[in-house]
Amino acid sequence: LDLLVRAFCIAGKDEAAQDIFKEIITSGVIPDMTTLNFLIRYWCKNRKINKAYAFIEEMKAFDCKPDLVTYSIMIDALCDRKNMVGAKALFDWMKEAGCKPDRYVYNTLMKGYCKIDKANEAKQVFETMKEDGCVPDVVTFNTLIFGFSKVGKVNEAKKFLKLMVEAGHSPDVVTYTSLMNGMCRNDKAIEALRLLDEMEEHGCKPDSWTYNTLLFGLSKSHHLYQAGKLF
RNA sequence: GUGUUGCC
């Protein structure tokens, strides 16, 4: 069943996948949650979030209740739509339902706040997650660094870089690129170029995203000559 | 190989 549902989804036949799933569950077999979650995620990523909701409701009647991953997928979908009120509400609802948040959901929520320029809210979530006993990981720090860089608070972002290193995580290409993005948006394009050297010294290879960030940033701030040198 | 992070 799992493979069938996946195959149908990948082929864009989510209706067929849904039918099979429903048929199995109606026959009294409780399918694996990974299968349901795969289907839910497919809908969320294809702008069919209402369908995902409806199906979750429908499945509750079969004693197939959403788990932590299901909620995470839904919360992420709301975050992508910048509906943080909804995302937070669903997060609270999830806790009511007895699902204990893990760092994935916390990271997801933080991303949502960062995307709408609410880095301080993200920082609150960061504090909550620690109080809750979740250990921040590379994604946690990268998300916060992205969030603060985005709103021009590069110094605040650097504080998290320090925290990250203290926690034993090495900055990666995402960390550096997020910081460069913030610098470029903040008329500190030259500083971003310095960071490029620094990351290479630390043995971190820039990728195409890094170069795109720099090229975009440098050309926007009239440093076309420097941009040309990147080639 | 069910979910979370960076440019346009």
Side-chain angles (χ1 to χ4, degrees), chain A residues 1-3 5-7 9-10 17 21 31-45 49 52 55-56 59 64-80 84 87 90-91 94 99-115 119 122 125-126 129 134-151 154 157 160-161 164 169-186 189 192 195-196 199 204-221 227 230:
Chain A
L1 169 70
D2 189 59
L3 285 175
V5 169
R6 276 163 204 267
C9 281
I10 290 164
F21 192 92
D32 200 54
M33 284 307 285
T34 63
T35 312
L36 175 70
N37 288 338
F38 185 91
L39 194 49
I40 296 298
R41 180 165 187 270
Y42 175 88
W43 283 322
C44 286
K45 294 287 173 200
I49 189 167
F55 200 63
I56 289 172
M59 288 306 107
C64 181
K65 287 186 289 184
D67 65 4
L68 176 61
V69 175
T70 321
Y71 283 114
S72 302
I73 295 169
M74 298 297 294
I75 289 169
D76 187 41
L78 292 168
C79 287
D80 278 346
M84 289 314 292
L90 188 56
F91 179 79
M94 177 189 91
C99 278
K100 195 165 164 35
D102 64 359
R103 57 172 165 231
Y104 279 66
V105 212
Y106 279 118
N107 288 346
T108 303
L109 259 187
M110 288 176 24
K111 174 197 70 172
Y113 285 121
C114 289
K115 284 222 147 88
V125 175
F126 176 68
M129 99 182 252
C134 287
V135 182
D137 62 5
V138 178
V139 175
T140 313
F141 288 110
N142 282 348
T143 304
L144 285 163
I145 289 169
F146 160 73
F148 281 103
S149 298
K150 189 171 184 294
V151 293
V154 176
F160 284 102
L161 177 64
M164 168 182 197
H169 299 290
S170 311
D172 63 10
V173 60
V174 177
T175 319
Y176 287 114
T177 307
S178 299
L179 273 168
M180 288 177 191
N181 184 31
M183 291 168 174
C184 288
R185 287 174 192 235
N186 219 358
L195 193 58
L196 175 67
M199 83 182 273
C204 183
K205 271 177 75 91
D207 63 11
S208 60
W209 289 41
T210 314
Y211 287 114
N212 282 336
T213 301
L214 283 170
L215 287 175
F216 185 77
L218 289 171
S219 50
K220 214 175 50 177
S221 51
L230 287 176

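Numbers restart at 1 for each chain; the letters A, B, ... are given by sequence-line order, proteins then strands. Note that the coordinates shown come from a computational prediction; the quantities given were computed from them, not determined experimentally. Hydrogens, waters and symmetry mates play no part in the numbers below; they use all other heavy atoms, side chains included.
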Walking along RNA chain B from 5' to 3', note the first and the last nucleotide with an atom under 4.0 Å from a heavy atom of chain A, and give both.
B/G1 to B/C8

Sugar-phosphate, base or nothing in reach of A/T34, heavy atoms under 4.0 Å:
base

Which residues satisfy the side-chain contact (heavy atoms from CB on, under 4.5 Å) test with A/S178, sequence neighbours excluded?
A/I145, A/F146, A/V174

Who pairs with A/V154 by side-chain contact (heavy atoms from CB on, under 4.5 Å), at least two apart in sequence or on another chain?
A/K158, A/L179, A/M183, A/N186

If you measure only the distance, is there a donor-acceptor pair under 3.5 Å linking the side chains of A/T108 and A/D76?
no

With a 4.0 Å cut-off on heavy atoms, is A/T108 in touch with a base, just the backbone sugar-phosphate, or nothing at all?
sugar-phosphate

Tell me which residues in residues 134-141 of chain A put a heavy atom below 4.0 Å from RNA chain B, sorted by number, or none.
A/V139

What nucleic acid atoms does A/K115 come within less than 4.0 Å of, heavy atoms only: base, sugar-phosphate, or nothing?
sugar-phosphate

Verify the distance criterion only: is there a donor paired with an acceptor across the side chains of A/N142 and A/T175 at less than 3.5 Å?
yes

Contacts under 3.5 angstrom, residues 31-41 of chain A side chains, donor-acceptor by atom type, not counting sequence neighbours:
{"from": "A/D32", "atom 1": "OD2", "to": "A/T34", "atom 2": "N", "distance (Å)": "3.4"}
{"from": "A/D32", "atom 1": "OD2", "to": "A/T34", "atom 2": "OG1", "distance (Å)": "2.5"}
{"from": "A/T35", "atom 1": "OG1", "to": "A/D2", "atom 2": "OD1", "distance (Å)": "2.7"}
{"from": "A/N37", "atom 1": "OD1", "to": "A/T70", "atom 2": "OG1", "distance (Å)": "2.6"}
{"from": "A/N37", "atom 1": "ND2", "to": "A/M33", "atom 2": "O", "distance (Å)": "3.3"}
{"from": "A/N37", "atom 1": "ND2", "to": "A/D67", "atom 2": "OD1", "distance (Å)": "3.3"}

Could you check whether any side-chain heavy atom of A/I49 comes within less than 4.5 Å of a side-chain heavy atom of A/W43, counting everything from C-beta outward?
no

Using a 4.0 Å heavy-atom cut-off, does A/T210 contact any base of the nucleic acid, only the sugar-phosphate backbone, or nothing at all?
base

For A/R103, give me all partners under salt bridge (Lys or Arg N to Asp or Glu O under 4.0 Å), at least two apart in sequence or on another chain.
A/D137

Under 4.0 Å between any heavy atoms, over every strand shown, what does A/L109 touch: base, sugar-phosphate, or nothing? Just pick one.
nothing

Classify A/S72 by what it touches in the nucleic acid, base, sugar-phosphate, or nothing, heavy-atom distance under 4.0 Å.
base

With heavy atoms under 4.0 Å as the rule, sort A/D102 into base, sugar-phosphate or nothing.
base

What I want to check is whether the side chains of A/T177 and A/T213 have a donor and an acceptor closer together than 3.5 Å.
no

